[in-house]
Amino acid sequence: MVDETQLRAAYDAAGQSHVFAFWDRLNADERETLLEQLSRIDPEHVNRIVAKALEADAAARNASNARVEPPPADSIVATPPADSTPYRARGLEAVGNGEVGVLLLAGGQGTRLGSSAPKGCYDIGLPSGKSLFQLQAERIARLQTLAAGGSKPVVPWYIMTSGPTRAATESFFAENNYFGLDKSNVVFFEQGTLPCISNEGKIMLDAPGRVATAPDGNGGLYAALRAPLSRGSDNTVLKDLESRGIKYLHAYGVDNCLVKVGDPVFIGVCIEQKVAAGVKVVRKTDPSEAVGVVALRDGRFGVVEYSEIPEELAQAREASGELQLRAANIANHFYTTEFLARDVPAFESEMAYHVARKKIPTIDENGERFKPNTPNGIKLELFIFDVFPHVDRLAIHEVPRSEEFSPLKNAPGTGTDDPQTSRRDLLAQQRRWLTEAGATVAEGADVELSPLVTYAGEGLEKFAGKSFESTENVTA
Ligand code: UTP
């Protein structure tokens, strides 16, 4: 039972007593719901993180003061295919030992794509009609097969959802029988939410008996690893990792159809480099491409947004002709479990939330709901890369864009990062793999290879000499 008096005192002390403004109008159920919601928010903590976020936001506006430099050359490991074999072997060994897990960031609302279902359910129009979730699940299954010695290892899949995506994501997996994976190795958890804050620093309401909230960003991952897997559960992702003996994790965004889930090469690179954290990047070649790059900011690793880079530095090139700042971030990370369980909690309170100024639906002084025409408040978000300034060594693994990155961000027909470009890039990759294996694919034939057949182009020798004349979904 939530104690109303105590809650009122806490919100009063924090200068947030207006959350009770419509109390007299609420019926018993509405009061109970509001109290329950308010009891899950610590108003003093909210005040503290808002103050810190606004301070960091103001400092970032003076970012011209920050010293931005390319990352140290020895932190970058580029892998032309010929060099990747030992790394791949090391990564597969770790997978084979049952030491590798994967962490999917699937809490985003995908507003730009505009689909009502979670992004991972999206069908980019492949011959098979597979969703992004299915492609990822089948890559995990194939990875388990590739790493199998005597028995098949398990690569547990931790799926971070949010309030808006959890139920629909879980039912999609259940309806699709977990895409052939063992249900006990697919672990759903949920990132947190934070109240939306008005321009005056007040917790906003979006109904007389309800606080307006928003997911806390993909960096909400770190706190979510310690939270109960579901309400009432005493298990957490960190406990699950520990009980399974998982030492290494690959974390990635849901929307990249080319993602190499649990990539043994990347994992091998990070293990060999003995780092606690690593990041996969693709090479930026056009100085004007609006992408965040991994760089040093005031001597610490970070992702520096395009808008923060002085023009001259954005254009600067190495003697080889490559851009100095070229490590384009693709939401693809490596962590040791030890880093997540021990190091992150030690510096977590130092990470400032980012401020997103938004038009937030709210209520007026009469309790009437309205949608503002101009930004009326802020949403607070952490980014997954906000841990970078806190690591002394970061492995930066550069991979070919055409093989590993084609994100689904925009609505169909936008022309960039949309379902059509995702489909195009995936089918182009499969055509390359088949051609390299000695097959021919007729002009206009869209040949899709099931991830259960090949993870990264391996095992296609059986197609040497074969000619694919028409569109086909190859499943064996
Ligand atoms: P984006 O920043 O591209 O956001 O997420 P989005 O929700 O997919 O799309 P828009 O901006 O609303 O159009 C990058 C990755 O981070 C995850 C997303 O699911 C995606 O995998 N993410 C984002 C979260 O897990 N939680 C969040 O709160 C935000």
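Everything numeric in this text was worked out from a predicted model, so none of it was measured. Atoms within a ligand are numbered from 1 in the order they appear, just like the ligands themselves.
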Where ligand 1 meets [X] - atom numbers and elements under 4.0 angstrom, heavy-atom basis:
| X | result |
| --- | --- |
| G217 | 26 (N), 27 (C), 28 (O) |
| P215 | 28 (O) |
| M160 | 25 (O) |
| G253 | 21 (O) |

Distance flag, aromatic centroids of F388 and H333, threshold under 6.0 Å: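 Close enough - the centres of the two rings lie under 6.0 Å apart.
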Pair W157 + F173: ring centers closer than 6.0 Å: yes
Return the residue, atom name and 0.1 Å-rounded distance of the protein heavy atom closest to [atom].
| atom | answer |
| --- | --- |
| atom 23 (C) of ligand 1 | G108 CA, 3.6 Å |
| atom 16 (O) of ligand 1 | N218 ND2, 3.1 Å |
| atom 6 (P) of ligand 1 | G110 N, 3.7 Å |
| atom 25 (O) of ligand 1 | G107 N, 2.8 Å |
| atom 12 (O) of ligand 1 | T111 OG1, 2.5 Å |
| atom 5 (O) of ligand 1 | K409 NZ, 4.1 Å |
| atom 20 (C) of ligand 1 | L105 O, 3.9 Å |

S162 touching ligand 1 at heavy-atom level, < 4.0 angstrom: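 No heavy atom of S162 comes that close to ligand 1.
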Residue-ligand contact A331/ligand 1, heavy atom below 4.0 Å: no
L113 N/O under 3.5 Å from ligand 1 N/O: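 Min N/O separation from ligand 1 is not below 3.5 Å for L113.
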Test applied, side-chain hydrogen bond (donor to acceptor under 3.5 Å, both in side chains); reference residue, Q134; option that passes from Q136, K130, E138: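 The single option meeting the side-chain hydrogen bond (donor to acceptor under 3.5 Å, both in side chains) with Q134 is E138.
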Criterion salt bridge (charged side-chain N to carboxylate O under 4.0 Å, His left out) against R283, the qualifying member of E398, E404, E289: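 Result: among E398, E404, E289, E398 is the only option passing the salt bridge (charged side-chain N to carboxylate O under 4.0 Å, His left out) with R283.
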Basic-acidic side-chain contact under 4.0 Å: K280, D263: yes
Parallel, tilted or perpendicular, as decided by the 30° and 60° cut-offs, for the rings of H354 and F385: perpendicular
Parallel, tilted or perpendicular: rings of F266 and H397 (30°, 60°): parallel
Atom of I309, atom of V304 and distance for their closest heavy-atom approach: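 Scanning both residues, the minimum pair turns out to be CG1-CG1, 3.7 Å.
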Q191 and ligand 1 - part of the residue with a heavy-atom distance under 4.0 Å: side chain
Distance-only side-chain donor-acceptor flag, Y158 / D240, under 3.5 Å: yes
Side-chain donor-acceptor contact under 3.5 Å, N235 with S233: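 S233 and N235 do not have a side-chain donor-acceptor pair below 3.5 Å.
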Closest to atom 8 (O) of ligand 1 among K379, R112, Q109, K119 (heavy-atom distance):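 Among K379, R112, Q109, K119, the closest heavy atom to atom 8 (O) of ligand 1 belongs to K119.
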